[in-house]
Amino acid sequence: MSSPVPFPAPLPKPFDAAQAALGMERWRQQAATAEPETRAWAEAFADSEPGRALVDAVCGNSPYLGHILTRELPFVRRVMEDGFDAGFAGLIAALHAEHDGEKSMDRLMAGLRVAKRRAALLIALADIAGVWPLFRVTGALSELAETGVQLAANFLLRRAAEAGTLTLPDPQRPWIGSGLIVLGMGKLGGRELNYSSDIDLIVLYDDAVVQTPQPDNLARTFIRLARDLVRIMDERTKDGYVFRTDLRLRPDPGATPLAVSVSAAEIYYGSVGQNWERAAMIKARPIAGDPEAGASFIRFLEPFIWRRNLDFAAIQDIHSIKRQINAHKGHREVTVNGHDIKVGRGGIREIEFFAQTQQLIFGGRDPRVRIAPTLMANEALRDVGRVPPQTVEDLAGAYHFLRRVEHRIQMIDDQQTHRIPADDAGVAHLATFLGYDDPDAFRAELLATLGQVEDRYAELFEEAPSLSGPGNLVFTGTDPDPGTVETLSGMGFADAARVINVVSAWHRGRYRATRSGRARELLTELTPALLSALAKTPAPDSALMNFDDFLGKLPAGVGLFSLFVANPWLLELVAEIMGIAPQMAQTLSRNPSLLDAVLSPDFFDELPGKEDGLADDHARVMAVARDFEDALTLSRRWTNDQRFRAGVHILRGITDGDRCGAFLADLADIVVPDLARRVEEEFAQRHGRIPGGTWVVVAMGKLGSRQLTITSDIDLIVIYDVAPGQGGGGGPRLSDGAKPLSPNEYYIKLTQRLTNAITAPMGDGRLYEVDMRLRPSGNAGPLATSLDAFLKYQTTDAWTWEHMALTRARVIGGDPALADRVCTAIRSVLTAPRDADRLLWDVADMRRRIEKEFGTTNVWNVKYARGGLIDIEFIAQYLQLRFAHERPDILHIGTAKALQCAARTGALDAEVAADLEATLRVWRRVQGFLRLTTAGVLDPNQVSPSLLAGLVRAAFPDEREPGAVDFPELDHRIRAVAARAHGHFKALVEEPAGRLAPPNTTTPPA
């Protein structure tokens, strides 16, 4: 076993000593679970001075790298023992060995992502430790990307051949003669990828080379291939992603498919190719697919890129792109905090443009300067006498420094950003990561470097006039304005070309709302504010498309746009809804008139209760229903409008998911019984009524406990009863309609009609999703149950978990007399004496089974995480069933109230009850907010500032400075809350149950 050796350069000190210590703790924990040789190595490494320094430097500066470092001990060992060069070569070789003939996309995607994670660690360590120079770091990143694209392209070619859409001349080497061309563009083309870079690709197919038995499907075949190529590289899975992949540099991306034929590309570049595309094409390099076809296409491009006679206007057009960035990104005065070292003044882009523009000017006549890498291009320009040697030397030094800074910025959290942190603490962190003892020394060197680059750049370009006009939010013309692409990407939009196409469609009057000149003028005025507001949301591109859908459904635009101009806060609210609350966005798209209600004086007043006008408002709306169908429509519209209002209140912090639960339950309490009555009347027209028959609707689950969220489904059961002696002569009791039914059939079909009335999709959406699995015998039982059968089942056959669910049962509609009898029956079941040990065992066992199926380490999955909602609800339900026989006052449908009752009756320590209730309210607030803002469970790695602010407000509404809480701190605090609640569950249920002998009974159904 090799011993650790010092690294050639001093390692940076940890900025966050606590995180460094946690990192070392994680390292040792992982070592303890590793196989013996790795464990011995890892412990020795951690005990050595170089090992400690490395773990501290990584974990104390980069959460992203620290996580990988402590996760990949065997790989780290190989790298430390074999060296970085051999380690990287082995990683690439292993990719080829394992996936050159790959048949499974899932396996390929997983393999590439694991390799990317390990390569990211290796390359970062080699960079941080000073083992590799810049060109080796960027070259390795580029080689990894190129290898991934090649493996993906070859897999997709083989798959297309197997599907019969392509004929490959050499199936063993699918790229040969395939006609596929994948061009690496930008930094990938120049082998200059930055640490968290995306990759720019152009996917082409040579229609003169491709062989296919389905020529009519040729375009579709390669479009599908391009789409799947992006998916393989770009899609985030449980293993992460490989590289964010951008296809927007293809010809006219607003009007062309993802894959473009060579013949179409040749026509485009030969006729309408833009000057900025000529600059981009300097770095174009075939990296995958058919090498001969790729080389042929690059030869075709040479006259387009390298024009012998270049007019001054063409040169100035290239320069104007850079000046637009300067003019609209606020970099007239360079400061360190918040400065963008890529596109800001004195940044990397100026060095790149310095080389590219000189290449375009002189490269048409001198092939010696046609070189892709930036520094090599400048050296070539120096060698032919076009650039002074001192300028090249200065720019090279600046380039190395700025790229090093860029990489450290990106290494911290694997973010594709080029911006210096905006706060002093962030700058200090970056300076420490770069090896500075004093952040002021870093500031001084950065400002000197930026100034030097700016001076060199200004000597050539800064005074030249712009011919493309001011502004970098330009939505005219047929091609994406490159300055606008940069601006939108910098704002946070992932697909800037798509944004440009969408906004351009608005301005071209393609929607009814934008057909008038006045509407377009107003929209033009609103667009910058709208895009800025959308960019603040977690997924700006999705938010934009939601707004586009909303705009496309508007019957007219002038009125609404004028409303936005007069009320800017309303525009911000709409953008917030479009980007943060997807369900609310759909509701608003279906009914834009909801915004009129937002302007009403009482919209932001406290949400009313059922007895405070809510039921009266519903009755007023439903009074105009002309028929049953109309009633279904109106009930949906009214309910969705009210949910929309509640959602806005949650978004704006007026209420929260805990306090809002009762309001949302009131909505269901009003609308479901009303629909049940209407369904019964409609049903009776054909089947009549059961003489002496009555029925009730019982709410279970969250509706029963009055704890609904915006997106909750509703748990219902239906119980009926038929008075004895009905039907006459002892014969079968049937309904008295034209199509008579027995009581059992009658109420089952009536229940089906009710669930259909609630769940049927209509123009205003569904009312609710309905879950009836809590009825006796679950899915195996009838949809409606007689009272006698219900009571018999609950008394003799029900499992403990069904009695736990029964603690939240509540009659919400139907016959009042039957409702009283059902309530009495439920209470008699809940207050019956129980075997305390068997109850305890069953509750613990049910929680164990849930943990086995749905267990998660993501504390933001507040339902299933340990210490989350289920643990607290189980405690309350267990205590009620345990003590209700002797202390019936413990019973309450609401979990919070049940905990209070448990404390009041002596069944639970008052401090524990208070702690559990406080935690329960935290979970409800968080869940209520997350149900608005996420499609599934929150991904802790995908938390935007706006989402973070809402989460802090939801979790800790009394936080005095919520903006000062970052996500790691919030996550840490939430985990502490969960740990306390989990501790209570263990003390009350899990540990006592663990001391019991398992009962000898059949296992309950899942």
Counting C-beta onward and ignoring hydrogens, is there a side-chain heavy-atom pair between [X] and [Y] closer than 4.5 Å?
X      : Y      : value
Phe854 : Asn861 : no
Leu881 : Thr807 : yes
Ile890 : Leu879 : yes
Asn858 : Pro940 : yes
Arg827 : Pro888 : yes
Ile812 : Val672 : yes
Val937 : Leu930 : no
Ile974 : Phe956 : yes

If you compare all heavy atoms of [X] against all heavy atoms of [Y], which two are closest, and at what distance to 0.1 Å?
X      : Y      : value
Ala981 : Gly867 : CB-O, 3.3 Å
Arg847 : Phe874 : N-CE2, 3.7 Å
Tyr793 : Pro776 : CD2-CB, 3.6 Å
Val859 : Ala978 : CG2-CB, 3.8 Å
Ala668 : Pro673 : O-CD, 3.5 Å
Leu791 : Ser828 : CD1-OG, 4.0 Å

Establish, from distance only, whether the side-chain atoms of [X] and [Y] form a donor-acceptor pair under 3.5 Å.
X      : Y      : answer
Thr709 : Arg931 : yes
Asp939 : Trp860 : no
Gln794 : Glu802 : no
Asp617 : Trp638 : yes

Could you check whether [X] pairs with [Y] (Lys NZ or Arg NE/NH1/NH2 to Asp/Glu carboxylate O, under 4.0 Å)?
X      : Y      : result
Asp889 : Arg887 : no
Glu682 : Arg678 : no
Arg973 : Glu969 : yes
Lys863 : Glu873 : no
Glu917 : Lys897 : no
Asp641 : Arg645 : no
Asp715 : Arg808 : no
Lys792 : Asp788 : no
Asp842 : Arg838 : yes
Glu853 : Arg849 : no
Glu680 : Arg689 : yes
Arg810 : Asp669 : yes

request  = Please assess Val697 against Val811 for the test side chain to side chain contact (heavy atoms under 4.5 Å, CB included), listing each intermediate value before the final yes or no.
outcome  = CA-CA 6 Å; Val697 180; Val811 178; over 6 Å; no

query = For residues 745-758, which residue pairs qualify under side chain to side chain donor-acceptor pair (under 3.5 Å), counting only residues two or more places apart or in two chains?
reply = Ser742-Glu745

If I take atom [atom1] from residue [X] and atom [atom2] from residue [Y], how far apart are they, to the nearest 0.5 angstrom?
X      : Y      : atom1 : atom2 : result
Ile719 : Leu787 : CD1   : CG    : 6.5 Å
Thr711 : Leu932 : OG1   : CG    : 7.5 Å
Asp771 : Ile717 : CG    : CD1   : 12.0 Å
Leu664 : Ile714 : CG    : CD1   : 12.0 Å
Asp815 : Asp721 : CG    : CG    : 9.0 Å
Arg637 : Gln642 : CZ    : CD    : 13.5 Å

key: Identified side chain to side chain donor-acceptor pair (under 3.5 Å) counterpart of His984 within the set Asp909, Asp915, Thr919, Asp871   =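 Only one option passes, and that is Asp915.
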
message = Would you say that more than 12 heavy atoms from the other residues, nucleotides or ligands in this model lie under 6.0 Å from the CZ of Arg773, or not?
response = no

inquiry  = Counting neighbours of CD on Glu991 that are heavy atoms of other residues, nucleotides or ligands and sit closer than 6.0 Å, is the number greater than 12?
reply    =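 It does: Glu991 CD has more than 12 such atoms within range.
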
query = Do you know which of Val843, Leu839, Leu830 makes side-chain contact (heavy atoms from CB on, under 4.5 Å) with Met804?
reply =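 Of Val843, Leu839, Leu830, side-chain contact (heavy atoms from CB on, under 4.5 Å) with Met804 is met by Val843 alone.
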
message = Evaluate Val698 against Val718 for side chain to side chain contact (heavy atoms under 4.5 Å, CB included), listing each step before the verdict.
response = CA-CA 6 Å; Val698 181; Val718 169; over 6 Å; no

request  = Find out whether the Lys NZ or Arg CZ of Arg643 is both under 6.0 angstrom from the six-membered ring centre of Tyr768 and within 45° of the ring's axis.
outcome  = yes

Under the 3.5 angstrom rule, does the side chain of [X] hit a backbone N or O of [Y] as a donor-acceptor pair?
X      : Y      : answer
Arg834 : His885 : no
Arg925 : Ala955 : yes
Arg921 : Ala896 : no
Thr905 : Ala902 : yes
Gln880 : His892 : yes

key: Worked verdict on Arg848 versus Glu990 for salt bridge (charged side-chain N to carboxylate O under 4.0 Å, His left out)   = CA-CA 9 Å; Arg848 179 189 60 77; Glu990 213 167 79; over 6 Å; no

request  = Take Arg975 and Asp971 through the test salt bridge (charged side-chain N to carboxylate O under 4.0 Å, His left out) and record every step on the way to the result.
outcome  = CA-CA 6 Å; Arg975 289 182 184 278; Asp971 188 71; 2.8 Å; yes

inquiry  = Parallel, tilted or perpendicular: which one describes the rings of Phe604 and His649, with boundaries at 30° and 60°?
reply    = parallel

task = Go through Leu703 and Leu716 one step at a time and tell me if the side chain to side chain contact (heavy atoms under 4.5 Å, CB included) criterion holds.
result = CA-CA 8 Å; Leu703 176 57; Leu716 302 176; 4.0 Å; yes

message = Between Thr895 and Arg924, does the side chain to side chain contact (heavy atoms under 4.5 Å, CB included) criterion hold? Intermediate values first, please.
response = CA-CA 11 Å; Thr895 304; Arg924 287 187 196 160; 3.9 Å; yes

